[in-house]
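As structure tokens, the structure follows; a few thoughts come after it.
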Amino acid sequence: MKPDISVTFTGLKFTNPFLLSSAPPTESDTNIMRAFDAGWGGVVTKTIGLHPVTNVAGPKTKFLRSTLDGKLSMQKKPDTALHSSWNWELISDKTLDWWVPKIEGIKKAHPDRMLIASIMAGSGSDTELAHWQTLAKACQDAGADAFELNLSCPHMDRKDMGSNIGKDQAQVSIVTEVVKEVAKIPVWCKLTPSTTDIVEEASAAFRGGADAIVSSNTFPSLPLIDPETMEFEVNVDGLVSSGGLGGPAILPQSLAKMASLTNAFPDKAFSGIGGIADFGLALNYFLLGCGTVQVCTAAMLDRAIGPNVIKALIEGLEQFMERRGYASPEDFRGLRRANVVANSKIRRPDGKEYHGGHEAEGYAN
Ligand SMILES: Cc1cc2nc3c(=O)[nH]c(=O)nc-3n(C[C@H](O)[C@H](O)[C@H](O)COP(=O)(O)O)c2cc1C
């Protein structure tokens, strides 16, 4: 008999702890239905807003690859490995009116799968704050199982949107509270990784009533400049703006954010994102205390919604649990959380072994 890989997260039962994160794989009902058919336990919709959205004239996402000898480029070349995704895509360009019947249809077809509505509005005025409630009520009435508040998109021009809200603790609290006022379903807050101490923003979100914290969104970044043309590898008329880095390159950074969160709030719920492509990588987040994990870049590169990625994640989890005799993913959640400590708590060598670090030259190994 196969092990039971279902999890309960913020009171919701997931058939497995693997979700597609809010991004192109979840931008339409057809994609989301395909994702559920492929086996994903949950899907977070592409972020839904009320303001009209027009993306840049040119590619919205590109993939950076590394050669064996460490050369990085977005040009497709043989014998390269994925380094990261880079994007400057805005939130969904479909309207709330477009999304509402789609959410209804998806839930009707897949009542046992969790559909999380990612929403975003401004926060600079009462009218903007009311937009959060308009979005929340509409998605909730359509059948969404939870909300994910996008407090983290790194490339919004408006001062009161996306990561610009996520960097302001007062606004994080207020927005969460405003959504909680109308929410009958759990509210997750997706925070930006680009602050000094993400524990502060998480604390503000919990004060506002958040049921879970989600991290990480992409990290602010630029594409590289091609040494031949001296142009950015992604540009429109030679111009570029800061976008978001995802994929393998952000995994260690995202883990550091997650470890600080789960250590600060060991009894709270966390959903981990960043660089996950297989079960071994996802395990990092579970061992740090996450109840669910989410995937974007790896799924984008696997037939748009990651059928092979989810198959490998499920098989990897099942085999891991069988091998170790675990009855539930809860049995190993958080097992390595307490191993992340302050540098001063790490053992130092005995006095006689220590030569002040002067004897070796360079860091060649
Ligand atoms: C093209 C693209 C579009 C994205 N759009 C959104 C979005 O609308 N809302 C959101 O919360 N995150 C968005 N993200 C961030 C992803 O959900 C995820 O947090 C990030 O890519 C890190 O995960 P990964 O390393 O698996 O890619 C987007 C990412 C990419 C690459």
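Numbering of ligands and ligand atoms starts at 1, following listing order.
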> How far apart are the C-alpha atoms of Trp132 and Thr176, what are their side-chain angles, what is the distance that settles it, and do they pass the side-chain contact (heavy atoms from CB on, under 4.5 Å) test?
Replying inline: CA-CA 9 Å; Trp132 284 98; Thr176 310; over 6 Å; no
> Got a salt bridge between Asp69 and Lys71, using NZ or NE/NH1/NH2 to carboxylate O under 4.0 Å?
Replying inline: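 Yes, Asp69 and Lys71 are salt-bridged.
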>> Taking the basic N atoms (NZ, or NE/NH1/NH2) and the acidic carboxylate oxygens, is any pair closer than 4.0 Å for Lys180 and Asp211?
In response: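 Result for this pair is yes, salt bridge flagged.
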> Given the rule in the side-chain contact (heavy atoms from CB on, under 4.5 Å) test, do Leu90 and His155 qualify, once you have shown the distances and angles that lead to the verdict?
Replying inline: CA-CA 7 Å; Leu90 302 174; His155 35 261; 4.2 Å; yes
> So how far is it from Trp40 CH2 to Gln294 CD, rounded to the nearest 0.5 Å?
Replying inline: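 Nearest 0.5 Å value for the CH2-CD distance: 10.0 Å.
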>> So, taking the atom named SG in Cys139 and the one named CD1 in Ile185, what distance separates them when rounded to the nearest 0.5 Å?
In response: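 Result: 8.0 Å between the selected atoms.
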Any N/O of [X] closer than 3.5 Å to an N/O of ligand 1?
X: Leu90; value: no
X: Cys296; value: yes
X: Ser118; value: no
X: Thr297; value: yes
X: Ser21; value: yes
X: Ser216; value: yes

Selection from [options] by shortest heavy-atom distance to [atom]:
atom: atom 13 (C) of ligand 1; options: Ser22, Gly306, Pro25; answer: Ser22
atom: atom 10 (C) of ligand 1; options: Lys190, Lys62, Met300; answer: Lys190
atom: atom 9 (N) of ligand 1; options: Thr45, Leu251, Asn87, Thr47; answer: Thr47

Quick test: of every protein heavy atom, which one is nearest to [atom], and how far off is it to 0.1 Å?
atom: atom 23 (O) of ligand 1; result: Ile273 CG2, 3.2 Å
atom: atom 20 (C) of ligand 1; result: Thr218 CG2, 3.6 Å
atom: atom 1 (C) of ligand 1; result: Thr61 OG1, 3.1 Å
atom: atom 5 (N) of ligand 1; result: Lys46 NZ, 2.8 Å
atom: atom 15 (C) of ligand 1; result: Asn217 OD1, 3.3 Å

> Which ligand 1 atoms are under 4.0 Å away from a heavy-atom of Asn150?
Replying inline: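 Close to Asn150: 9 (N), 10 (C), 11 (O).
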> Can you find a pair of side-chain heavy atoms, one from Val240 and one from Trp86, that are under 4.5 Å apart?
Replying inline: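 Yes - at least one pair of side-chain heavy atoms lies under 4.5 Å apart.
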> Is there side-chain contact between Ser73 and Glu233, with at least one heavy-atom pair below 4.5 Å?
Replying inline: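 A side-chain contact exists here, since the closest heavy-atom pair is under 4.5 Å.
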>> Please determine whether any non-hydrogen atom of Ala298 lies less than 4.0 Å from an atom of ligand 1.
In response: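 No, that is not the case, since the closest heavy atom of the residue is not under 4.0 Å from the ligand.
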> Any non-hydrogen atom of Cys153 lying under 4.0 Å from ligand 1?
Replying inline: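 Checking ligand 1 against Cys153, which is what was asked, there is no heavy-atom contact under 4.0 Å.
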> Please walk me through it: do Phe63 and Thr297 pass side-chain contact (heavy atoms from CB on, under 4.5 Å)?
Replying inline: CA-CA 9 Å; Phe63 299 96; Thr297 297; 3.9 Å; yes
> Does the separation of the ring centres of Phe9 and Trp188 fall below 6.0 angstrom?
Replying inline: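 Yes.
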>> I'd like to know if Ile198 and Val175 are part of one continuous hydrophobic network [Ile/Leu/Val/Met/Phe/Trp/Tyr, side-chain heavy atoms within less than 4.5 Å].
In response: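 They do share one cluster, since a chain of ILVMFWY contacts under 4.5 Å joins Val175 to Ile198.
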